[in-house]
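Right, one structure below, let's go through it.
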There are 2 protein chains.
Amino acid sequence: MSTKTKVTIHDIAEKLNITASTVSRALNDNPRISDATKKAVLKAAKQLNYQPNNIAAALRHGKSYIIGVIVPTADRFFFASVVRGIEEIANNLNYKVIICQSYDNYEKEVQTIEALLNARVDGIIASIGKNTENFDHFKKVQSKGIPLVLFDRTTDELEVSQVMIDDYLGAYKTVEHLIQQDCRRIAHFTSPKKVSVFKERLRGYMDALRDYEIPYDEQLVIKSDLQLEDGRESMKKLLKLKQSPDAVFSASDYAAMGAMQVLKERGIQIPQEVALAGFSNEPFTSFTDPPLTTVDQRSIKMGNITAELFFEHFKDGEKGIVSQKTVLKPELIIRKSTLRK
Amino acid sequence: MSTKTKVTIHDIAEKLNITASTVSRALNDNPRISDATKKAVLKAAKQLNYQPNNIAAALRHGKSYIIGVIVPTADRFFFASVVRGIEEIANNLNYKVIICQSYDNYEKEVQTIEALLNARVDGIIASIGKNTENFDHFKKVQSKGIPLVLFDRTTDELEVSQVMIDDYLGAYKTVEHLIQQDCRRIAHFTSPKKVSVFKERLRGYMDALRDYEIPYDEQLVIKSDLQLEDGRESMKKLLKLKQSPDAVFSASDYAAMGAMQVLKERGIQIPQEVALAGFSNEPFTSFTDPPLTTVDQRSIKMGNITAELFFEHFKDGEKGIVSQKTVLKPELIIRKSTLRK
DNA sequence: TCAATTTGCGTAATCGTTTGCGCAAAGTAG
DNA sequence: CTACTTTGCGCAAACGATTACGCAAATTGA
């Protein structure tokens, strides 16, 4: 019941006693082709079960209509949502999205870029891996004139369009909120990595303390990889201090979750004894007990904007566009883990 | 600093005064090419910053070295993990994976298949969308002789290789465990959809009841879309019954989470008054309070096996291989939400 | 009615790689 | 030293679609 041999436009042409070029034009709705021929071609295409070969087309006009998206991992709600936001826009413009994961692994990230270049994607959208400190692979993309846009995890070492949220503001507002809840010894979980988002969150934390005249205590800033287990360890460290904190602002929901576990295991009341806030608004943060205060990163919106910015690079051709930076306002989601009054 | 014009093997050939075919063979490490020439070619390639054009290669030998993976959504831990498992195997064999999401939307699923076929992927691995009841698009894939393997969400309406866990066994063991915890009125959350996984879980539930001589009560089986909100509604329905259940086995962790929220809001003790078990071992299930008993679906393993099965279809050519069904044993993860003694 | 335009389609080159075939030079066997 | 095999590479035709160019027929305008 199935034609094993691939059917091409030549087969259609032969059947109709016309040439392949006419078929091609008919399929692409070229105005120079008569409606009669178009209909005949369409009909024959159905009959023969014709499947266009995008590879041949891509080779011919140097466009693949595929854009590569690189995320550290697709199973974090935030990244998955951004991808969704990108897809919405891209699909509307008839572009396909291929999702690649770097798993926060530098080598894998480099390889992925290489693979995407070989696959001749029309552009790349990426969020940089946590461990990446050398950006030559991204520079290579740019040097080839391939559109590149970064989101969330970006870097200043590249002249590139980027979309991010105002991590500084998100952190500032969170800490401000904690202060308004009468917290005075506020700890912070951050990452030692070069990624700017964490640096910005730290800056927001420090500035909020300063503005409210709360002394900065280095002991209260714990650096780790910010996974759940790291959050547990960090919390344990804090509890060993002579003077325990009365709040923890974690740059990651997962680490905040780890801290919550430790606090609950030790019977420490949240938020009465220690208030707790995270960052990212992962879905599980609303399930926890108590529900976790966190910062929403406008992920879908970020995906939309990133894709739109990306496609502007096409329209305006290779030149003309300067790299531009879009900063979204985050939203503080206040839940019971910080509500002390 | 960058060559805007694309460099091809012809450029390398010209520079070295040899032909493109020799360059091609050298790059592909063909034994008929001398080591000297190979080295020279590699060197020139670096110098010219040559980037192979996979599209041209794909067109030539009809292989794209890309396989398409379709999942309902990538932000569920289970699916993300399976994808990871698939990638591990595929990357080792030098295949790229392109991840597409159907969002459980039938039209999107059909479109995605179409797009993957046009992109000339070498094969497709998929998990069927929840609302899909017509499988012609998958039949089309098969009729074109393109390898197809399904995982988890499969169907018997297709003659296709598939990998799944033993949902029946997972459900049976869970219910058996609940019975051993002295639960006697055990409710079940399931889906009205045609997807076999839910039907199997229901069957496991029913058989366990029967084997332990517990009467089946239709009122205790609630059908819904199994999202968190559905779980809340379902739990509320159960609590309105004359005789409340003393356990809930949900076919989804999210719905179980919804039930947990309602129970906690009403001050009903978990597991003493109502024990609670989910399905899938989503990461958040270990965070909840109490932690949720659930069934692990061996997601990475499933990805590995799926990919291996998939690649067997290549080796053995188009014929010879009959579709085969691999069933993995799930693992019951017992946590506090069901431990009554 | 005749020149000018439009309509409809064919010719052939092209995108960048791969590969079957062929051929000369070098190596091997007897 | 002849005959045969191996080594190293070039020639040219694919793969399937797109497109600049050209040309005849049909249409239009005056």
- prompt: Hey, is the side chain of A:Y50 poking within less than 4.0 Å of OP1 or OP2 on D:dA17, counting only N and O atoms?
  reply: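 So the side chain of A:Y50 is within the cut-off, an N or O lying under 4.0 Å from OP1 or OP2 of D:dA17.
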
- request: Check whether any side-chain nitrogen or oxygen of A:T22 sits under 4.0 Å from OP1 or OP2 of C:dG10, and answer yes or no.
  value: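 Yes, A:T22 has a side-chain N/O under 4.0 Å of OP1/OP2 on C:dG10.
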
Under 4.0 Å between any heavy atoms, over every strand shown, what does [X] touch: base, sugar-phosphate, or nothing? Just pick one.
| X | result |
| --- | --- |
| A:I18 | sugar-phosphate |
| B:T8 | sugar-phosphate |
| B:S34 | sugar-phosphate |
| B:S24 | base |
| B:N54 | nothing |

Side chain of [X]: nearest nucleotide among [options]?
| X | options | answer |
| --- | --- | --- |
| A:T37 | C:dG16, C:dG8, D:dC9 | C:dG8 |
| B:L59 | D:dC15, C:dC9, D:dA17 | D:dC15 |
| A:R32 | C:dT7, D:dC11, C:dA12 | C:dT7 |
| A:T19 | D:dG16, C:dT11, D:dG8 | C:dT11 |

- request: Please determine, by modelled atom types, if B:Q47 and B:K15 share a side-chain donor-acceptor pair under 3.5 angstrom.
  value: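 The answer is yes; a qualifying pair exists.
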
Check: B:T19/B:T22 side-chain N/O donor and acceptor closer than 3.5 Å: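 Yes, because at least one side-chain N or O of B:T19 sits under 3.5 Å from a partner of the opposite role on B:T22.
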
message: Can you say whether a donor on the side chain of B:R25 sits under 3.5 Å from an acceptor on the base of D:dG10, or the other way round?
response: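 Looking at the base of D:dG10, it does pair with a donor or acceptor on the side chain of B:R25 (distance under 3.5 Å).
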
Length of the line joining [X]:[atom1] and [N]:[atom2], which is rounded to integer Å:
| X | N | atom1 | atom2 | result |
| --- | --- | --- | --- | --- |
| A:Q51 | D:dG16 | CD | P | 13 Å |
| A:H10 | D:dC15 | NE2 | P | 9 Å |
| A:I9 | C:dT11 | CD1 | C1' | 14 Å |
| A:N28 | C:dC9 | CG | P | 15 Å |
| B:N118 | D:dG16 | CG | P | 14 Å |
| B:H61 | C:dT17 | NE2 | P | 12 Å |
| B:K63 | C:dT17 | NZ | C1' | 16 Å |
| A:L48 | D:dG16 | CG | C1' | 15 Å |

query: Would B:E133 and B:K193 pass as an ion pair if we require N to O under 4.0 Å?
result: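 No, this pair does not count.
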
With the side chain counted from C-beta on, respond yes when [X] and [Y] share a heavy-atom pair under 4.5 Å apart, and no when they do not.
| X | Y | result |
| --- | --- | --- |
| A:T132 | A:T155 | no |
| B:I305 | B:F310 | no |
| A:D152 | A:V82 | no |

message: Please compare A:A56 and A:I33 by the position of their nearest nucleotide in DNA chain C and report the one closer to 5'.
response: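 The residue closer to the strand's 5' end, by nearest nucleotide, is A:I33.
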
